[in-house]
Amino acid sequence: MKKLLFALPILISCYFISCNSGSSGGLSATAQKNLDAMHGVQKCFDSKDFGKLGDFIAADAVDHAGESGDLKGLASIKAEFEKWASGNDNPKTEVIKELADDEYVFSWCRYTGTLKTPQMGLKAGDKYDMKAIELAKFKDGKAVEHWTFMEPAEMIKMMGKMEQPQMPMPADSPKVKKEEMKKM
């Protein structure tokens, strides 16, 4: 009986806590719309169909993750996306974690697939498996800016497969000094 009297107030407290916590949690309608737009862009990549891209990205958007720098405007963004897609087989996006509010969506993703053309420092036929954080700023339910942030190890892995130009050693480098010491 004592156990029942002790357990009853705990159960009642848990009930009231659970009732109160439900009303303040969750995404706002704007944040959910932004998240849905981010998912829409991800589906375009996985399907390689960019016909509905304008539903998710503003006409004057800027993509700061372009291969050669900023891409300005939906047409430029779409052209680069289509170029990328034409060189890929079986692309797949797996969302690891995402956060959204009324202005931004952060999406930590894993990307896998096989290249049909040389890209990202890899050869045609190479499989890729990489992670990145996609960050998009939204206005009126459409992305207006986008950035991609990769883990340093992922970037180094890709750069290691690219041909790196050999830089001449400066005259005062330790290697040069060591070689000069051997001559003495």
Side-chain angles (χ1 to χ4, degrees), residues 20-122 126-162:
N20 288 335
S21 65
S23 62
S24 64
L27 293 174
S28 70
T30 301
Q32 185 61 55
K33 187 174 182 179
N34 295 343
L35 190 58
D36 292 343
M38 182 71 106
H39 292 162
V41 173
Q42 291 166 341
K43 286 178 186 172
C44 287
F45 273 97
D46 288 350
S47 69
K48 298 198 251 180
D49 178 5
F50 299 99
K52 293 186 177 186
L53 207 56
D55 293 349
F56 315 118
I57 299 176
D60 61 346
V62 177
D63 188 346
H64 300 288
E67 189 175 320
S68 300
D70 287 355
L71 300 170
K72 296 178 182 174
L74 179 60
S76 297
I77 294 168
K78 184 177 179 183
E80 182 145 320
F81 288 0
E82 288 172 339
K83 178 184 165 198
W84 176 88
S86 69
N88 281 272
D89 266 338
N90 62 350
K92 183 179 177 205
T93 304
E94 173 193 340
V95 175
I96 298 167
K97 186 76 170 175
E98 54 193 13
L99 303 167
D101 65 18
D102 290 355
E103 192 174 13
Y104 291 95
V105 174
F106 296 81
S107 189
W108 181 22
C109 298
R110 177 180 179 214
Y111 302 101
T112 57
T114 305
L115 295 176
K116 293 191 317 189
T117 60
Q119 294 184 50
M120 305 179 294
L122 302 170
D126 282 353
K127 294 188 182 302
Y128 61 90
D129 185 343
M130 60 188 167
K131 295 177 189 152
I133 294 177
E134 305 293 344
L135 166 59
K137 181 177 182 178
F138 287 84
K139 184 176 181 186
D140 301 325
K142 292 188 177 186
V144 294
E145 282 190 271
H146 170 262
W147 300 263
T148 297
F149 301 97
M150 293 185 71
E151 296 174 12
E154 297 287 336
M155 290 175 47
I156 290 169
K157 183 171 50 174
M158 285 191 309
M159 290 172 51
K161 294 184 180 191
M162 296 172 71

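All figures in this text were calculated on a predicted structure; none of them were measured in a lab.
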Give me the ring orientation class for F45 and F50: parallel if the planes are under 30° apart, tilted from 30 to 60°, perpendicular past 60°. perpendicular
If you round to the nearest 0.5 Å, how far is [atom2] of [Y] from [atom1] of [X]?
X	Y	atom1	atom2	value
N34	E98	CG	CD	12.0 Å
Y111	Q42	OH	CD	6.0 Å
S76	D70	OG	CG	11.0 Å
L35	F138	CG	CZ	8.0 Å
T114	K127	OG1	NZ	3.5 Å
D63	H146	CG	NE2	5.5 Å

[X], [atom1] atom: more than 12 neighbouring heavy atoms under 6.0 Å:
X	atom1	result
K83	NZ	no
K48	NZ	yes
W84	CH2	yes

Minimum-distance pair of heavy atoms, taken over all atoms of [X] and [Y]:
X	Y	result
D46	P91	OD1-O, 3.7 Å
A31	A100	O-CB, 4.0 Å
A58	V144	CB-CG1, 3.9 Å
G141	A37	O-CB, 3.6 Å
K78	G51	NZ-CA, 4.5 Å

Can you check whether W108's main-chain N or O pairs, donor with acceptor, with K131's side chain at less than 3.5 Å?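 It does not hold such a pair.
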So, the side chain of E80 versus the backbone of E67: is there a donor-acceptor pair under 3.5 Å, distance only?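 Pair found, side chain donor or acceptor close to backbone of E67.
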Ion pair present between D129 and R110, side-chain N to carboxylate O less than 4.0 angstrom?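 A salt bridge links D129 with R110.
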Non-hydrogen side-chain atoms of W147 and K137 separated by less than 4.5 Å: yes
Can you find a heavy atom in the side chain of E134 that is under 4.5 Å from one in the side chain of T148?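 Side-chain contact under 4.5 Å: yes.
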